[in-house]
Protein chains: 2
Amino acid sequence: MNERTCAIIVVGNEILSGKVRDGNAWFAARELRRLGVALNRIAVVPDERQTIIDEVRQCAKSFDFVITSGGVGPTHDDITIEAVAAAFGRKVAVDPELRRIVAQYFTGGLNAAGLKMAEAPEGAVLIAAGDLRFPTIQLENVYILPGIPQIFETKLKALGPRFATDPYYLRTIYTNAGEGVIAEHLNATLRQFPELLLGSYPKIGDDSYRVKLTLESKDRGYLERAFNHLIGLLPAAVVVKTE
Amino acid sequence: MNERTCAIIVVGNEILSGKVRDGNAWFAARELRRLGVALNRIAVVPDERQTIIDEVRQCAKSFDFVITSGGVGPTHDDITIEAVAAAFGRKVAVDPELRRIVAQYFTGGLNAAGLKMAEAPEGAVLIAAGDLRFPTIQLENVYILPGIPQIFETKLKALGPRFATDPYYLRTIYTNAGEGVIAEHLNATLRQFPELLLGSYPKIGDDSYRVKLTLESKDRGYLERAFNHLIGLLPAAVVVKTE
C-alpha cells in the first residue's frame, strides 16, 4: 500500500477568534485525498511561538510530512518560519536567493519588513512553486505555506506530484432511512469486508435523502464486492440513489 | 479579566478525507468569541479511539473546557463517548434517562443501535439542550456534541450562558497598502499598546482593499486609544475605511 501520512497545521488567531473562516485545510483535505495521501490530523493553533513549536515537533515525528498554513509574512505576528526552525533546533537567517526575489518588490531598498520576508530556517530547501515567483520553503519533512488562500492553493498544487501515491476509490449510497435502521447492515458489511472504509453521514434539512453512506478502498474490486454486499442487505425501498 | 479558555476537538474521517467541510468549528469560533471565551485550539482527528483519548486528555488538562463535535450516534464509527470516558478512566453504561428518551423513537423496541444511543460515560451530567429532546452529555470539563450542524449549533447556543464571560471589543481598518508598507506602523503601535490584539490580513482579488487590520481589546478605552494612535501613523491616503 505504501500510503503516506500527513498533518496540516493552520497557524492563525484570526481563525480561532472567528474573524476568518479557514478554507486551506478544506482545500488541502480534498487535494491530498485525490493524491492518495492520508491526512491524519488538522490542528489550528494560535500565533504563539511555543505552541507552534510543540505542534510541529509532534506532527513531524508522527507523520510522513507536515504542511503549515499561515503566519508567514512581514508583520509582527508572522512567526511560523522561526517556530518551524526552532522545532528542529535551527536558527533563521536571510537567504540570498529569497533576498534577491524580495528585493524586486522593494524598489527603494529593503526595509525591516522586506528582510523578514527573505528569512528561512538554516538548512531549508527552496522549492519552485508553479507560476509564483516566491518559492515554497521546506525544512526536513515540513512544508511552510502562506495563509492567503490563492497562494496556498497554487503552492500545494505545485507540490502535488511529490506527495502523490495510490488513490482511493469511492462509492456512495444515499438512503431515506435513519441511521438506527441501517446500522446493523453496515456492521454486517464491515464484518465481511473489514478493510473497507465506511462512512455514514446523516443530513437534516435536505428532502432528497436522510443518510449518505460512503464506501472506500484502494482496491477497486474489493470496493465493488463490498458495495454489492451492502446494497444486497439494504431494503430496496431505502436506497434513493448510488454513485 | 478572568477569561476562560477552550479547545474544540472535531472527530471525523469525513473531514480529514475531504468528503465533508466542517462548519462546526467555524460556528463555534464566532459563538465563543461573542461569549468572551478564548478558543485556543481546534483539532480535527480521525475516528480512532486512542487518538481521541490522547487529544481529549491533553486538551482537558490544558484548557478550562473542551467541546467535541461528531462521533456520537448508533453506527460502528461513533466512538467519541467511549473515548471521552476512557480519557478520564471511566466506562460507558446505558443511562436510564437517555434510554427513556431514545425509546420514544423505537416503537418496535430498542435494537442494538438504539441502546448505543442511550449510553453515557459513568459520572456524566446530562444538560438540557434548548428545544432538543436529546440532552448534551458533559463529563468533567468536556461537552460532547454531535457532528450534525443544526444539532451542534442548537446545543452550543443552549450551553452559551454557562460559558459567557467578558467580551472583546473590535475595531477594523481597511487599507489599500501592502503589508510591507504598514508593518512598521503596526510594530510602533504594539510598542505603545502591548496589550492590544492586532491582526493583519492581506486580501487578493478584492478591489476594495488590500489589507484588513483588526484591533481588539476587552478594555474599550484602551482599544480606542490604540486605534487613534495607529490611524495617526498611517498615511491618510492608505486608509480606505474603518469600522
Side-chain angles (χ1 to χ4, degrees), chain A residues 10 13-22 25-26 28-34 38-46 51 73-77 105-106 111-114 116-117 148-151 168 170 178-184 186-187 190 197-205 214 216, chain B residues 10 13-22 25-26 28-34 38-46 51 73-77 105-106 111-114 116-117 147-151 168 170 179-184 186-187 190 197-205 214 216:
Chain A
V10 179
N13 292 338
E14 73 277 19
I15 314 283
L16 293 168
S17 61
K19 285 200 285 293
V20 174
R21 181 177 190 177
D22 173 64
W26 163 232
R30 286 171 296 163
E31 190 69 11
L32 292 166
R33 187 66 170 188
R34 205 177 58 73
L39 174 60
N40 276 349
R41 180 181 183 77
I42 301 168
V44 185
V45 298
T51 305
T75 63
H76 62 283
D77 57 357
Y105 298 93
F106 287 80
N111 61 13
K116 188 166 190 298
M117 295 286 295
I148 299 176
Q150 294 87 340
I151 304 180
Y168 279 95
L170 168 70
E179 283 195 303
V181 174
I182 55 186
E184 56 176 312
L186 303 183
N187 289 329
L190 279 175
L197 298 179
L198 180 54
S200 170
Y201 309 113
K203 179 102 177 185
I204 290 181
T214 61
E216 286 179 296
Chain B
V10 179
N13 292 337
E14 72 276 19
I15 314 286
L16 293 168
S17 62
K19 284 198 288 292
V20 173
R21 181 177 191 178
D22 173 65
W26 163 234
R30 287 171 295 164
E31 189 69 12
L32 292 166
R33 187 67 170 188
R34 205 177 58 74
L39 174 60
N40 276 349
R41 181 179 195 78
I42 300 169
V44 184
V45 297
T51 306
T75 64
H76 62 281
D77 58 355
Y105 297 93
F106 287 81
N111 61 13
K116 188 165 190 297
M117 296 286 294
I148 299 175
Q150 295 88 337
I151 303 180
Y168 280 95
L170 167 71
E179 283 196 304
V181 174
I182 54 185
E184 58 176 313
L186 302 184
N187 289 328
L190 278 176
L197 298 179
L198 180 53
S200 170
Y201 310 112
K203 178 103 177 183
I204 290 182
T214 60
E216 287 179 295

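To find a chain, count down the sequence lines: A is the first, B the second, and so on, and within it residues start at 1.
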Discussion item. At a 4.5 Å cut-off on heavy atoms, which part of B:Y201 comes close to chain A: side chain, backbone, both, or neither?
Written reply: side chain
Worksheet item: Would B:R21 and A:R21 satisfy side-chain contact (heavy atoms from CB on, under 4.5 Å), going step by step from the backbone distance to the final call?
Response: CA-CA 11 Å; B:R21 181 177 191 178; A:R21 181 177 190 177; 3.4 Å; yes
Worksheet entry | Taking every non-hydrogen atom, the tightest pair across B:I148 and A:P202 | CD1-CB, 3.7 Å
Worksheet, complete the sentence: In terms of heavy-atom pairs under 4.5 Å with chain B, the winner among A:G73, A:A28, A:G180, A:G178 is A:G180
Fill in: Test side-chain contact (heavy atoms from CB on, under 4.5 Å) applied to A:K19 and B:L170, step by step
CA-CA 10 Å; A:K19 285 200 285 293; B:L170 167 71; 4.2 Å; yes
Item to complete: Heavy-atom pairs under 4.5 Å with chain B are the metric here; pick the option from A:R41, A:R34, A:E31 that has the most.
Response: A:R41
Fill in: Contact class of A:L186 relative to chain B, heavy atoms under 4.5 angstrom
side chain
Response to the item:
Cut-off 4.5 Å, heavy atoms of chain B, and the answer for A:I151 is side chain
Worksheet, complete the sentence: Correct closest heavy-atom pair for A:P46 and B:N40 would be CD-O, 3.2 Å
Worksheet item: Is chain B contacted by the side chain of A:A112, its backbone, both, or neither, given a heavy-atom distance below 4.5 Å?
Response: neither
Item to complete: Check each atom of B:L32 against the heavy atoms of chain A and say whether the ones under 4.5 Å are side chain, backbone, both or neither.
Response: neither
Worksheet, complete the sentence: Between the OG atom in A:S17 and the CZ atom in B:R30, the distance rounded to the nearest 0.5 Å is 11.5 Å
Practice prompt. Please report the closest heavy-atom contact between B:S200 and A:T75, naming both atoms and the distance.
Written response: OG-CG2, 3.8 Å
Worksheet entry | Region of A:E184 in contact with chain B, defined by heavy-atom distances below 4.5 Å | neither
Worksheet item: What part of B:A113 gets closer than 4.5 Å to chain A, counting heavy atoms only: side chain, backbone, both or neither?
Response: side chain
Worksheet item: Using a cut-off of under 4.5 Å for heavy-atom pairs, which of A:V20, A:V10, A:I182, A:V45 has the most such pairs with chain B?
Response: A:V20
Worksheet item: Which answer fits B:E14, side chain, backbone, both or neither, if we ask what part of it has an atom under 4.5 Å from a heavy atom of chain A?
Response: both
Fill in: Structural part of B:T214 lying under 4.5 Å from a heavy atom of chain A
side chain
Item to complete: Carefully, step by step, assess B:L16 and A:I42 under the rule side-chain contact (heavy atoms from CB on, under 4.5 Å).
Response: CA-CA 7 Å; B:L16 293 168; A:I42 301 168; 3.7 Å; yes
Discussion item. Please find the pair of heavy atoms, one from A:A183 and one from B:P74, that lie closest to each other, and give the distance.
Written reply: CB-O, 3.9 Å
Discussion item. For the interface with chain B, which of A:L198, A:D22, A:I15 has the highest count of heavy-atom pairs at distances below 4.5 Å?
Written reply: A:L198
